[in-house]
Amino acid sequence: MKLIEVYTQLFNGIWFAIAINNQYVEASSFGKNQQTAIINVLINIPFELPFQIFHEPTITAKQALMHLKCIYDGKDVESNLSLATARLPTYTKKVLKATSSIPVGYVTSYGLIAKAVGGGPRAVGNIMASNPFAPIVPCHRVVRSDLSLGGYGLGLEAKMELLKREKRGFTSSREITINSASLAVFPVEHVLRNFTTNFLGKS
DNA sequence: TGCAAACCATAAC
DNA sequence: GTTATGGTTTGCA
């Protein structure tokens with residue numbers, strides 16, 4: 001059995017980590033320090049699989065890590081990384097796929113995803129909470145139905161930071177299509193406005 | 001606003 | 001099989 005390779009890299013004060021298994025990304029994460037980035041990746045790789053942590057990323061690993069950084073920066077990059085989703089439950093795959101199709105600059109809610117793919121809001125929330133592929137699968141673009149932030153595994157501050165960088169100036173909501181179902185998405189600005197009125201300018 | 005109840009796939013026993 | 005667990009939502013006072 002092949003070893004899962006774990007790599008880390010520091011970009012602009014943020015540590016990024018990725019676990020690679022035979023070209024497939026098993027898990028990815030980021031954090032303020034190297035240790036938490038590594039831990040967040042390790043908790044998402046299957047318990048029975050052996051892994052090794054490398055100090056110097058290979059060329060391909062470095063490219064993958066750079067890709068993470070681009071996403072973190074809010075750039076609209078298309079992912080050429082293959083995610084190891086094979087062993088995940090069918091429903092989980094459906095939810096992650098739906099989440100992946102939320103465009104940069106928009107957000108949607110747990111409940112609306114549930115309506116689009118079936119199931120309930122809390123089930124969707126649970127899957128977001130255990131998303132192994134942050135920020136590749138943009139679970140930070142999923143918020144509460146009232147457009148308040150909701151939660152985030154890597155900290156609400158990080159969720160906020162990501163969303164701020166994804167502002168595109170969109171003003172109206174739109175619909176995207178997921179397997180013949182439609183999903184409404186809203187400009188990320190709505191969340192940010194909501195956030196400031198809730199926490200700063202309440203009067 | 002705030003609280004209670006319904007919601008639903010997973011993981012853990 | 002059963003239970004516990006939420007990054008939720010909705011209705012009602």
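Chain identifiers are assigned alphabetically (A, B, ...) following the order of the sequence lines, protein sequences preceding nucleic acid strands; residue numbering begins at 1 within each chain.
Here A:Ser145 does not reach the OP1 or OP2 of C:dT8: none of its side-chain N or O atoms lies under 4.0 Å away. For A:Ser130 and B:dA11, the shortest distance from a side-chain N or O to OP1 or OP2 is not below 4.0 Å. Remark: A:Thr92 is not in phosphate contact with B:dA9, judged by side-chain N or O atoms under 4.0 Å from OP1 or OP2.
For A:Tyr110 and C:dG7, a side-chain-to-base donor-acceptor distance below 3.5 Å is present, hydrogens and geometry of angles not being considered.
Nucleic acid contact class of A:Gly120 (heavy atoms, under 4.0 Å, all strands): sugar-phosphate only. Counting non-hydrogen atoms under 4.0 angstrom, A:Tyr91 reaches the backbone sugars and phosphates but no base. A:Val142 comes within contact range of at least one nucleobase, with a heavy-atom separation under 4.0 Å. Counting non-hydrogen atoms under 4.0 angstrom, A:Arg122 reaches a base of the nucleic acid.
Atom CD of A:Gln23 has 12 or fewer heavy atoms from other residues, nucleotides or ligands within 6.0 Å.
Protein atom CZ of A:Phe47 is 16 Å distant from nucleotide atom P of B:dA11, rounded to whole Å. Atom-to-atom, CG of A:Asn126 to P of C:dT9 comes out at 13 Å; the value is rounded to the nearest Å. Taking atom CE on A:Met128 and atom P on C:dT9, their separation rounds to 11 Å, with Å as the unit. Atom CG of A:Leu88 and atom P of B:dT10 are 10 Å apart (whole Å). Rounded to a whole Å, the CG atom of A:Leu112 is 19 Å from the P atom of C:dG7. When the P atom of B:dA9 is taken as reference, atom CG of A:Leu96 falls 15 Å away, rounded to whole Å. As rounded to whole Å, 7 Å separates atom P of C:dT10 from atom NZ of A:Lys115. Remark: P of C:dT9 and CG of A:Asp146 are 7 Å apart, rounded to the nearest angstrom.
Checking C:dG7 for Watson-Crick or G-U wobble geometry (two distances, each under 3.5 Å) identifies no partner in any strand. Both distances falling under 3.5 Å, in either a Watson-Crick or a G-U wobble arrangement, occur for no nucleotide opposite B:dC7.
The nucleotide whose nearest atom lies closest to any side-chain atom of A:Pro121 is, among B:dA11, C:dT5, C:dT9, C:dT9.
Note that CD1 of A:Ile53 is 8.5 Å distant from OG1 of A:Thr8, once rounded to the nearest 0.5 Å.
Between A:Phe54 and A:Tyr7, the ring planes lie parallel to each other; the angle is under 30°, not in the 30° to 60° tilted range. Using the six-membered ring where Trp is involved, A:Phe30 and A:Tyr152 have ring planes that are tilted, between 30° and 60° apart.
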Should A:Glu189 and A:Lys164 be marked as a salt bridge (Lys or Arg N to Asp or Glu O under 4.0 Å) after you check the CA-CA gap, both sets of side-chain angles, and the distance that decides it? CA-CA 8 Å; A:Glu189 278 82 352; A:Lys164 266 197 285 191; over 6 Å; no
